[in-house]
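Everything on this sheet refers to the single structure shown next.
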2 protein chains.
Amino acid sequence: MSDRPARTEEEVLDAIERRRRRPVRKLLEDRITLSHGAGGKATHTLVEALFLAELRNPLLEAMGDSAVFEAGAGGPRLAFSTDSYVVSPLFFPGGDIGELAVNGTVNDLAMSGARPLYLSAGFIIEEGFAIADLQRVVASMGAAAREAGVTIVTGDTKVVERGKADGLYINTAGVGVMERELDLSPATVRAGDRVLVSGTLGDHGIAVMVARGNLGIEVDLESDTAALAGLAAHLLDAVGDGVRCLRDPTRGGLATVLAELALETELSIMIDEPALPIVPAVHGACEILGLYPLYIANEGKLAAIVAPEATDAALAALRAHPLGQDAAVVAEVRPDPPGLVLLETSIGGSRVVDMLAGDPLPRIC
Amino acid sequence: MSDRPARTEEEVLDAIERRRRRPVRKLLEDRITLSHGAGGKATHTLVEALFLAELRNPLLEAMGDSAVFEAGAGGPRLAFSTDSYVVSPLFFPGGDIGELAVNGTVNDLAMSGARPLYLSAGFIIEEGFAIADLQRVVASMGAAAREAGVTIVTGDTKVVERGKADGLYINTAGVGVMERELDLSPATVRAGDRVLVSGTLGDHGIAVMVARGNLGIEVDLESDTAALAGLAAHLLDAVGDGVRCLRDPTRGGLATVLAELALETELSIMIDEPALPIVPAVHGACEILGLYPLYIANEGKLAAIVAPEATDAALAALRAHPLGQDAAVVAEVRPDPPGLVLLETSIGGSRVVDMLAGDPLPRIC
């Protein structure tokens with residue numbers, strides 16, 4: 001199918017203008033809480049009321065997973081993204097902080113439609129950290145980078161005194177190239193569009209949480225950390241401009257991603273609860289812990305908003321890829337009530353799903 | 001003057017091959033020490049024996065202040081760099097962590113000859129950190145970005161529990177565009193070249209150290225944190241390919257920068273001690289603390305290695321810029337003894353100057 005052309009500058013400015021007109025949530029606290037890092041409501045308030053307010057510029061205000069810009073006059077469009085990783089424990093079933101740090105930034109670039117190319121890596125290490133563990137983490141980054149087809153080209157190492165970090169924190173930033181004319185953006189979402197997820201929800205968050213060993217539960221579950229650039233490219237190759245927008249539901253989970261989208265598009269999103277793919281281990285752990293899987297992070301799943309007529313092709317494309325075998329259509333975009341996400345439960349009722357509030361699972365990425 | 005053409009791929013591979021043939025220093029420790037973050041000998045050993053060994057690729061192995069690559073086929077050459085900032089205290093005379101985080105990455109890009117364009121910002125915040133302080137830091141980043149002509153386009157916020165950080169750590173990564181054909185690289189350095197510094201040495205390190213208030217000394221001194229992109233461009237405009245290579249002497253100071261260069265070029269560098277511009281406050285503090293100013297960080301000074309015939313023009317160009325008024329010619333590149341830096345003292349003797357060992361000044365950036 002033909003690619004939908006990139007948004008005009010006017011459309012981009014219009015979207016930013018709409019965001020600016022929305023009432024900015026106020027920071028009510030005097031001090032940072034764990035919620036400010038959870039990716040949910042408090043994070044969004046902090047970003048809007050502080051970071052955007054101080055650093056205001058159109059690229060930042062676009063608030064995509066990556067910033068997209070032209071590299072020099074007439075150069076290719078590039079995507080640029082960053083994430084810091086503070087996951088605890090550093091090693092968990094299915095992965096470690098190094099693999100996560102590569103895949104997470106690769107995925108942010110991929111969700112913008114870019115082909116990830118180059119990563120930077122910044123290490124903040126606590127004095128006394130075992131060099132053998134550092135070696136294991138860096139080896140894991142190397143393997144993840146090769147797997148994702150990216151190169152770690154520049155880095156930095158800082159060491160802080162004992163008690164001033166928790167072993168190891170890693171920041172990665174990434175540069176990718178936009179090889180498609182396609183503009184993946186919430187601005188293109190329309191009522192009638194469908195929301196697909198590429199697989200089971202909440203695996204990463206619960207796997208890390210259980211790995212901490214302080215919950216008194218054991219489950220047979222691995223993190224789903226994976227690089228999604230291949231899956232995203234496969235989907236875009238198959239469906240082209242039938243794809244409106246891609247997001248990876250990490251911190252805050254699918255609920256937060258959809259709540260942001262509803263707000264941004266001034267549309268409604270109705271989630272079909274029985275359609276949500278969730279493995280029994282995640283269901284069970286969530287029930288014991290009083291959590292809702294829709295708020296639990298993945299690190300190797302994507303959510304795709306696709307045009308109604310492209311839904312079947314998109315689902316088939318996702319399922320044909322090794323990382324998308326459990327893909328499902330889980331929600332529909334509707335005109336009303338604008339800005340809200342609703343959940344249609346298996347017993348027939350419906351309720352509003354807001355962004356994550358608080359932080360039930362600190363430091364899962 | 002005409003620009004010197006960029007190195008051929010063959011020359012770059014040749015330089016990497018030479019580096020590979022050098023015996024790799026071994027990591028003798030089992031655990032990370034503060035020295036591994038000091039930017040001196042231990043940092044270099046860690047980078048060579050662990051990071052390069054695990055992540056081996058030509059861009060990383062070039063070990064410049066930035067990685068330089070083409071953005072897509074036929075696209076412009078870009079520079080990409082990252083640094084984390086863990087300075088303590090967060091606010092110090094002449095600057096704060098926010099300003100430092102912008103200027104530091106801007107300077108890494110500028111030292112590669114790039115025009116810095118876009119920055120990312122990743123925040124790791126300790127639970128309980130005052131939002132007013134965060135606001136002050138972010139405002140300072142905004143001001144520094146405007147001053148340096150760069151835009152902060154993407155970011156990330158993580159929060160860790162009380163006692164798992166020290167208030168605030170910031171990572172910035174930056175993308176710049178190489179608008180000149182010039183290749184600034186140690187491979188172009190020749191015997192007879194001169195080393196210039198753009199101003200007084202050690203101001204930043206001593207200002208931060210004293211600001212901690214635990215030394216029992218008071219000095220009237222501010223950090224020199226500044227964006228060097230304007231100064232670098234001014235110098236390159238004036239002297240073109242008379243400039244071989246630029247470095248900003250941050251962690252490890254000028255001594256470490258020159259020791260790296262001597263090693264990389266297999267040439268010798270003779271420092272003229274009486275020519276080193278050092279303010280009395282830095283001299284005095286260093287004497288009391290038993291430190292040598294050549295190892296103390298700057299955050300707003302550059303070292304330029306220039307061809308002998310370009311020395312006068314380079315010095316004049318630096319001095320004509322507000323950030324280069326105290327510029328001086330401080331060293332000369334010589335053929336022997338290869339790989340070593342010597343210091344010619346004011347009393348006539350000479351001694352070997354090695355990279356920084358240990359970490360007399362932890363967390364000054």
Side-chain angles (χ1 to χ4, degrees), chain A residues 27 29-34 36-37 43 46 50-51 54-55 57 59-60 66-67 69 71-72 75-76 78 80-84 86 118 120 122 124-125 127-131 134-135 138-139 141-142 151-161 163-166 169 171 173 175 177 362-363, chain B residues 27 29-34 36-37 43 46 50-51 54-55 57 59-60 66-67 69 71-72 75-76 78 80-84 86 118 120 122 124-125 127-131 134-135 138-139 141-142 151-161 163-166 169 171 173 175 177 362-363:
Chain A
L27 276 167
E29 305 88 348
D30 288 337
R31 301 208 165 256
I32 292 290
T33 67
L34 288 173
H36 288 115
T43 306
L46 182 69
L50 199 157
F51 291 107
E54 294 293 346
L55 303 175
N57 66 72
L59 284 166
L60 187 63
S66 313
F69 48 77
L78 298 181
F80 182 33
S81 187
T82 192
D83 262 329
S84 296
V86 298
Y118 300 110
S120 67
I124 297 177
I125 315 175
E127 183 187 14
F129 189 67
I131 285 180
L134 182 62
Q135 188 127 27
V138 177
M141 293 182 81
T151 315
I152 298 171
V153 294
T154 187
D156 174 58
T157 305
K158 293 291 189 304
V159 179
V160 295
E161 304 90 334
K164 303 294 185 191
D166 192 9
Y169 300 144
N171 175 284
V175 173
V177 62
R363 296 181 53 197
Chain B
L27 275 167
E29 306 87 349
D30 289 336
R31 302 212 164 250
I32 292 289
T33 66
L34 288 174
H36 288 115
T43 305
L46 182 69
L50 199 158
F51 291 106
E54 294 293 347
L55 303 175
N57 66 72
L59 283 166
L60 188 64
S66 313
F69 48 77
L78 298 181
F80 182 33
S81 187
T82 192
D83 261 328
S84 297
V86 299
Y118 301 109
S120 66
I124 297 177
I125 315 177
E127 184 188 11
F129 189 66
I131 286 181
L134 183 61
Q135 189 127 26
V138 177
M141 293 181 81
T151 315
I152 298 170
V153 295
T154 188
D156 175 58
T157 305
K158 294 290 189 304
V159 179
V160 295
E161 304 91 333
K164 301 296 185 191
D166 192 9
Y169 301 143
N171 174 284
V175 174
V177 62
R363 295 180 56 197

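These numbers come from the heavy atoms of this one structure, side chains and all, not from hydrogens, waters or symmetry mates. On a predicted model such as this, the values are computed, not experimentally measured, just so you know. In what follows, chains carry the letters A, B, and so on, assigned in the order in which the sequence lines appear, proteins first and then strands, with residues in each chain numbered from 1.
- Using a 4.5 Å cut-off between heavy atoms, B:L134 contacts chain A through both its backbone and its side chain.
- Looking at A:K158, its side chain does come within 3.5 Å of a backbone N or O of B:S84 through a donor-acceptor pair.
- When heavy atoms are compared at a cutoff of 4.5 Å, B:L27 approaches chain A solely by way of its side chain, counted from C-beta outward.
- For B:F69, the ring-ring contact (aromatic ring centres under 6.0 Å, His included) partners two or more places apart in sequence, or in a different chain, are A:Y118.
- When A:S81, A:A165, A:G155, A:G163 are compared by the number of non-hydrogen pairs under 4.5 Å with chain B, A:A165 comes out ahead.
- Both the backbone and the side chain of A:I152 come within less than 4.5 Å of a heavy atom of chain B.
- If you tally non-hydrogen atom pairs under 4.5 Å between each of A:A67, A:G75, A:S120 and chain B, the highest count goes to A:S120.
- Note on A:G128, A:A173, A:A71: by heavy-atom pairs under 4.5 Å with chain B, the leading option is A:G128.
- Of the two parts of A:D30, only the backbone, made up of N, CA, C and O, holds a non-hydrogen atom closer than 4.5 Å to a non-hydrogen atom of chain B.
- Highest contact tally toward chain A, considering only B:T33, B:V177, B:D83, B:T43, is held by B:D83 [criterion: heavy-atom pairs under 4.5 Å].
- With chain B as the partner, the residue from A:L60, A:T151, A:V86, A:I125 showing the most heavy-atom pairs under 4.5 Å is A:L60.
- Most heavy-atom pairs under 4.5 Å with chain A: of the set B:G122, B:G142, B:P362, B:A139, this distinction falls to B:A139.
- In terms of heavy-atom pairs under 4.5 Å with chain B, the best-connected choice from A:V175, A:L34, A:T157, A:I124 is A:L34.
- Formation of a donor-acceptor pair under 3.5 Å by the B:D166 side chain with backbone atoms of A:K164 is not found in this model.
- Counting heavy atoms from C-beta on, the side chains of A:Y169 and B:V160 come closer than 4.5 Å.
- Of the atoms belonging to A:L78, it is side-chain heavy atoms, and not backbone ones, that fall under 4.5 Å from chain B.
- Considering only residues two or more places apart in sequence or on other chains, B:S66 meets the side-chain hydrogen bond (donor to acceptor under 3.5 Å, both in side chains) condition with B:S112.
- Nearest heavy atom pair, residue A:E29 against residue B:I131, reads O-CD1, 3.5 Å.
- At least one side-chain heavy atom of A:V153 sits less than 4.5 Å from a side-chain heavy atom of B:N57.
- Between A:V138 and B:L55 there is a side-chain heavy-atom pair separated by less than 4.5 Å.
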